[in-house]
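Down below is the structure, laid out as structure tokens.
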There are 2 protein chains.
Amino acid sequence: MRLNQATDYAFRAVLYLAQLPPGEVVEAQVIARHEGIPMRFLLKILRLLTKAGIIYSYRGVGGGYALARPPVEITLLDVMLAVEGPVQINRCLKDLGACTKKGPPHCPVHRALASIQKTLIEQFKSYNFACLAGGSPEPVPEVTKPAGKRFSCGGAN
Amino acid sequence: MRLNQATDYAFRAVLYLAQLPPGEVVEAQVIARHEGIPMRFLLKILRLLTKAGIIYSYRGVGGGYALARPPVEITLLDVMLAVEGPVQINRCLKDLGACTKKGPPHCPVHRALASIQKTLIEQFKSYNFACLAGGSPEPVPEVTKPAGKRFSCGGAN
DNA sequence: TTAAAAGTATACCTTGTAAGTTTACTTTAA
DNA sequence: TTAAAGTAAACTTACAAGGTATACTTTTAA
């Protein structure tokens, strides 16, 4: 019941990018050093994030990576999905054949786990990288936003 | 981000015992056949449950296993803890040294994951085996219980 | 026009854990 | 005193996690 190390690295890499001035491009090298992630391993993870459309990559001299959209529009769930694929807290939630009781209608364990998983997914979705970065480095002026909360951060929306 | 197969087997084994008349002792053999769990592997799991005080084991001829307390007092969390040990959805929640930012005060990812984990644990705690068994085979008379819900089953208490 | 700095693609390696099995032993009822 | 149960712990096998290496492509700038 644990996240991959790669997912953890991905969280930290995206958070790092989210804390830069918007649009800033940095090389993998810099992220790796700053976050203490093995360089070649990080490159592999960054490719997953690129494929998922979470970051852009720029090749060639002066290349690097930048967020593909505003931090507020990237959730922990997005990053998880990009790195680990779909969340499945139990074998039987992935592959119905793996359920001895052949799925939810007859399997109370299955039903309970499905509900727990649903809540878990919602939780991961409720954190975005604007909130994690703790106020953007270039704060959006309050007037441009609706009154009240700008974005959710954790459980309560 | 997945439960062990052993934990899943444990859920099913305990549920099976919970569905028997209270106090009934059955051999591992029977549980294994009924739930489609490899016999010797199940024995290993049952020993963990015994050590955790969730089931009793009876040795010798005519021996077997039975629940050590009423199903309503056994939660999914109890069984998980017995089989997998403490829930830690990220390395850094187990071992602070694994957090490059040295723990929650300076690490927003850490803080978010800790909160998600807390909710997850509460979820697993909110399911007991009376509710999973779907009404005990020998139903407790309504008069002995307070009005309203007898026990929680899932999210809402 | 080519060298160097970046990312890409893919194959590989190494270690740990999951999942299950085996062997030898102990307890207990009949 | 034997056979049916559980106990204990070592062993095996397979797969996945985590990380590395090799060869390649793209791009900029001298």
Side-chain angles (χ1 to χ4, degrees), chain A residues 1-13 17 24-33 35-52 54-66 68 80 83-86 88-92 94-95 98 100, chain B residues 1-13 17 24-33 35-52 54-66 68 80 83-86 88-92 94-95 98 100:
Chain A
M1 201 62 187
R2 191 166 306 174
L3 292 168
N4 285 348
Q5 186 60 24
T7 305
D8 184 56
Y9 287 155
F11 288 161
R12 294 166 200 285
L17 291 176
E24 178 143 337
V25 173
V26 294
E27 313 93 295
Q29 194 66 247
V30 173
I31 305 173
R33 249 201 306 271
E35 298 297 320
I37 305 172
M39 171 68 176
R40 307 298 300 184
F41 193 41
L42 174 62
L43 284 169
K44 202 150 93 173
I45 296 164
L46 291 174
R47 235 167 300 134
L48 292 172
L49 295 173
T50 305
K51 255 204 281 195
I54 293 169
I55 60 178
Y56 283 137
S57 78
Y58 301 91
R59 306 180 65 171
V61 176
Y65 299 88
M80 263 184 84
V83 177
E84 304 201 352
Q88 282 138 355
I89 64 169
N90 196 12
R91 186 181 283 190
C92 71
K94 176 182 193 187
D95 171 18
T100 41
Chain B
M1 202 61 186
R2 190 167 306 174
L3 292 168
N4 286 346
Q5 186 59 24
T7 305
D8 184 57
Y9 286 155
F11 288 159
R12 293 167 201 285
L17 292 176
E24 178 143 338
V25 173
V26 294
E27 312 93 296
Q29 195 65 251
V30 172
I31 306 173
R33 250 202 306 270
E35 298 297 320
I37 305 172
M39 170 69 176
R40 305 301 298 186
F41 192 40
L42 174 62
L43 283 169
K44 203 150 93 173
I45 296 164
L46 291 174
R47 235 167 301 133
L48 292 172
L49 295 173
T50 305
K51 255 204 281 197
I54 293 168
I55 60 177
Y56 282 138
S57 78
Y58 301 90
R59 307 180 65 172
V61 176
Y65 299 88
M80 263 184 85
V83 177
E84 304 201 352
Q88 281 137 357
I89 64 168
N90 195 12
R91 187 181 283 192
C92 71
K94 176 183 192 186
D95 171 18
T100 42

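Residue numbering restarts at 1 for every chain, and letters A, B, ... go by the order of the sequence lines. Bear in mind that the values here come from a model prediction, so they are computed numbers and not experimental data. Side chains are part of it too, since the values below use all heavy atoms of this structure and drop only hydrogens, waters and symmetry mates.
- For the pair Tyr9(B) OH and dA19(C) C1', the computed distance is 8 Å after rounding to whole Å.
- When the nearest nucleotides of DNA chain D are assigned to Leu3(A) and Arg47(A) by heavy-atom distance, the more 5′-ward of the two goes with Leu3(A).
- The listed nucleotides are dG7(C), dT7(D), dT20(D); the one nearest the side chain of Tyr65(A) is dG7(C).
- As rounded to whole Å, 18 Å separates atom P of dT26(D) from atom OH of Tyr58(A).
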Next on the checklist: Between Met80(B) and Leu3(B), does the side chain to side chain contact (heavy atoms under 4.5 Å, CB included) criterion hold? Intermediate values first, please.
Outcome noted: CA-CA 9 Å; Met80(B) 263 184 85; Leu3(B) 292 168; 3.6 Å; yes

Checklist entry - So Arg12(B) and Cys92(A), side chain to side chain contact (heavy atoms under 4.5 Å, CB included) or not? Walk me through it. => result CA-CA 12 Å; Arg12(B) 293 167 201 285; Cys92(A) 71; 3.8 Å; yes

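- At least one side-chain heavy atom of Thr50(A) sits less than 4.5 Å from a side-chain heavy atom of Tyr65(A).
- Per the geometry, CE belonging to Met39(A) stands 11 Å off C1' belonging to dA5(C), to the nearest Å.
- Counting non-hydrogen atoms under 4.0 angstrom, Tyr56(B) reaches nothing in the nucleic acid.
- The side chain of Ser57(A) lies closest to dG7(C) when the candidates are dG19(D), dG7(C), dT7(D).
- In this structure, of dA19(C), dT27(D), dA5(D), it is dA19(C) that holds the atom nearest to the side chain of Phe41(B).
- Residue Gln5(B) places its side chain closer to dA19(C) than to any other of dA19(C), dT21(C), dT25(D).
- Between the CZ atom of Arg2(A) and the P atom of dA16(D) there is a distance of 18 Å, rounded to whole Å.
- Of the two residues contacting DNA chain D, namely Gly62(B) and Asn4(A), the nearest-nucleotide position lying further toward the 5' end is that of Gly62(B).
- Residue Arg91(B) places its side chain closer to dG18(D) than to any other of dG6(D), dG18(D), dT21(C).
- The base of dT20(D) lies outside donor-acceptor range of the side chain of Arg40(A), with no N or O pair under 3.5 Å.
- The nearest whole Å value for the distance from the CD1 atom in Ile55(B) to the C1' atom in dT7(D) is 13 Å.
- A straight line from CD1 of Ile45(A) to C1' of dG18(D) spans 9 Å, rounded to a whole angstrom.
- For the pair Leu42(A) CG and dA6(C) C1', the computed distance is 14 Å after rounding to whole Å.
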